[in-house]
2 protein chains.
Amino acid sequence: MTTSFNALIEHFKNYFPLDEKERVELSERFNERKIKRRGFILQQGDVCRHFTFVVSGCFKMYAVDQASKEHNLQFAAENDWITDLSSFYSEKTSSVYIEAIEPSVILQIKHADLLYLYTHFHKFDRNFRIIIEQKYIELQNRVLQSISSTAEERYLSFLEQYPNLANRLPNTQIASYLGITPEFLSKIRKALTHKA
Amino acid sequence: MTTSFNALIEHFKNYFPLDEKERVELSERFNERKIKRRGFILQQGDVCRHFTFVVSGCFKMYAVDQASKEHNLQFAAENDWITDLSSFYSEKTSSVYIEAIEPSVILQIKHADLLYLYTHFHKFDRNFRIIIEQKYIELQNRVLQSISSTAEERYLSFLEQYPNLANRLPNTQIASYLGITPEFLSKIRKALTHKA
DNA sequence: TCCAAGGCTTAAACTAGTTTAAGGGTATTT
DNA sequence: AAATACCCTTAAACTAGTTTAAGCCTTGGA
């Protein structure tokens with residue numbers, strides 16, 4: 001049992017912790033991979049074959065528009081999950097990229113293996129239900145912000161919610177996540193230092 | 001067994017259909033209610049006690065900001081689910097309202113009863129996992145649009161995705177959902193008729 | 001039946017956020 | 001060690017979206 005698997009097993013202690021049998025089944029079905037900075041675990045046009053747990057490092061998921069601009073949908077750092085759910089379950093081609101921002105270590109499970117865990121162990125269905133529910137709540141807060149707050153308010157609440165990420169990410173990536181240009185983020189930051 | 005329950009049981013046929021025992025347990029734990037136009041099933045400051053299935057009619061979920069403006073987070077019409085997940089599971093007070101836009105019929109289950117179904121029947125954990133996953137995918141598409149598309153593009157894709165709702169809702173409600181003012185939506189609509 | 005409350009539009013003045021362009025700084029790569 | 005790519009900022013001109021105000025038309029309640 002590697003330290004990577006320990007991180008995953010610890011992670012499940014936040015939900016319904018796994019028993020011995022479940023831990024064994026889990027470790028037989030998740031595979032460890034190391035990903036370089038700028039390495040992709042999913043590219044637009046490919047089917048998303050894996051559900052990914054981030055052990056260390058950091059990823060971004062983004063879509064590219066007609067004008068070749070990247071738009072960051074989400075980040076995932078240590079102890080977070082990342083996958084294109086839509087492509088993963090439908091097995092249709094994905095419209096997004098998932099790329100490492102830092103050298104990273106991940107644990108991945110294939111579609112068929114996850115279905116095996118769901119079918120044979122009630123607890124995996126339950127734990128993943130709860131994981132997705134929490135991500136749904138985060139996403140809903142983000143939608144609320146995007147329809148009701150200014151860019152400055154959104155930036156401040158990003159800093160508050162992800163202080164850890166804010167240090168590690170270049171501002172261009174944060175701007176893309178907030179839905180504004182890097183130039184405008186620069187203006188906002190300047191205005192904030194003058195306020196403080 | 002009322003026609004309302006039939007609608008719910010039919011709904012589950014889209015996922016893993018229920019067997020006889022599960023149908024009985026379900027019908028013992030969901031309660032039917034009729035809600036008038038402008039009736040609330042959740043108000044800001046209350047704890048969201050129910051998970052709600054809409055049999056007929058239509059609801060909006062919205063937050064109210066400091067300036068007393070309403071911002072629509074989502075709509076739910078026939079055969080859709082609506083609840084403030086965050087408040088429902090945490091049992092903390094909610095920051096949103098859920099209000100009927102039309103006279104409606106709903107089926108509701110309490111927190112403890114849903115936990116009972118989750119615990120005793122693997123299939124409910126699974127079905128609700130899938131339901132939430134689908135809603136997560138929808139929400140993610142909405143986030144992508146909000147960070148990458150103009151208001152006109154968002155309006156057009158709302159019309160495409162919810163042609164049914166677009167007819168039933170006043171434009172003020174759609175504007176609030178899109179995160180723009182009714183005046184600007186009016187401009188967009190005018191520009192579109194001139195294009196067509 | 002009347003009237004109050006929404007709902008839709010128009011228009012003028014305004015503000016938030018983008019675009020284009022340029023310059024300087026700091027990491028990665030070679 | 002040099003070269004290149006990326007990152008951050010500034011500024012001027014522009015465009016998308018808001019605000020305020022007014023007018024008209026429907027709808028539902030008393």
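So that the names make sense, note that chain A is the first sequence line, chain B the second, and so on, each numbered from 1.
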- prompt: Given atom NZ of B:Lys36 and atom C1' of D:dG29, what is their separation to the nearest angstrom?
  reply: 13 Å
- prompt: Between atom CD1 in A:Ile147 and atom P in C:dA16, what is the gap in whole Å?
  reply: 19 Å
task: Could you please name the option among D:dG17, C:dG17, D:dT18 that lies closest to any side-chain atom of B:Thr181?
output: D:dT18
query: For C:dC8, does OP1 or OP2 lie under 4.0 Å from any side-chain N or O of B:Arg189?
result: no
field: Whole-Å distance separating the CD1 atom of A:Ile174 from the P atom of D:dC6
entry: 18 Å
query: Given A:Phe51, which of A:Tyr118, A:Phe30, A:Trp81, A:Phe124 fulfils the ring pair (Phe, Tyr, Trp, His ring centres under 6.0 Å) condition?
result: A:Trp81
- prompt: Rounding to a whole Å, what distance do you find between B:Ile188:CD1 and C:dA11:P?
  reply: 17 Å
field: Distance-only side-chain donor-acceptor flag, A:Tyr155 / A:Arg189, under 3.5 Å
entry: yes
- line: When A:Ser149 and B:Lys187 are each assigned the nearest nucleotide of DNA chain C, the 5'-most assignment goes to B:Lys187
message: Would you say A:Lys69 places a side-chain N or O within less than 4.0 Å of OP1 or OP2 belonging to C:dT19?
response: yes
message: Below the 4.0 Å mark, does C:dC8 have OP1 or OP2 next to a side-chain nitrogen or oxygen of B:Asn171?
response: yes
Cationic N near anionic O, under 4.0 Å, B:Glu22 to B:Arg29: no
- prompt: Can you tell me if the side-chain N/O atoms of B:Thr150 get under 4.0 Å from OP1 or OP2 in D:dA16?
  reply: no
message: Regarding A:Asp84 and A:Lys92, does a basic nitrogen lie under 4.0 Å from an acidic carboxylate oxygen?
response: no
B:Ser176 side chain to B:Glu70 side chain, donor-acceptor N/O pair below 3.5 angstrom: no
- request: May I have the distance from A:Leu169 (atom CG) to D:dC6 (atom P), rounded to whole angstrom?
  value: 17 Å
message: Just the rounded figure in Å: distance from P of C:dT9 to CG of B:Leu185.
response: 8 Å
- prompt: When you match B:Arg38 and B:Ser186 each to their closest nucleotide on DNA chain C, which lands nearer the 5' end?
  reply: B:Arg38
Closest to the B:Pro170 side chain, choosing from D:dA21, D:dT18, C:dC8: C:dC8
task: Round to a whole Å and report the spacing from CD of A:Glu183 to P of D:dT10.
output: 12 Å
- request: May I ask you to say what A:Thr172 touches in the nucleic acid, namely base, sugar-phosphate or nothing, with a heavy-atom cut-off under 4.0 Å?
  value: sugar-phosphate
field: Gap between atoms CZ and P, on B:Phe184 and C:dG17 respectively (whole Å)
entry: 13 Å
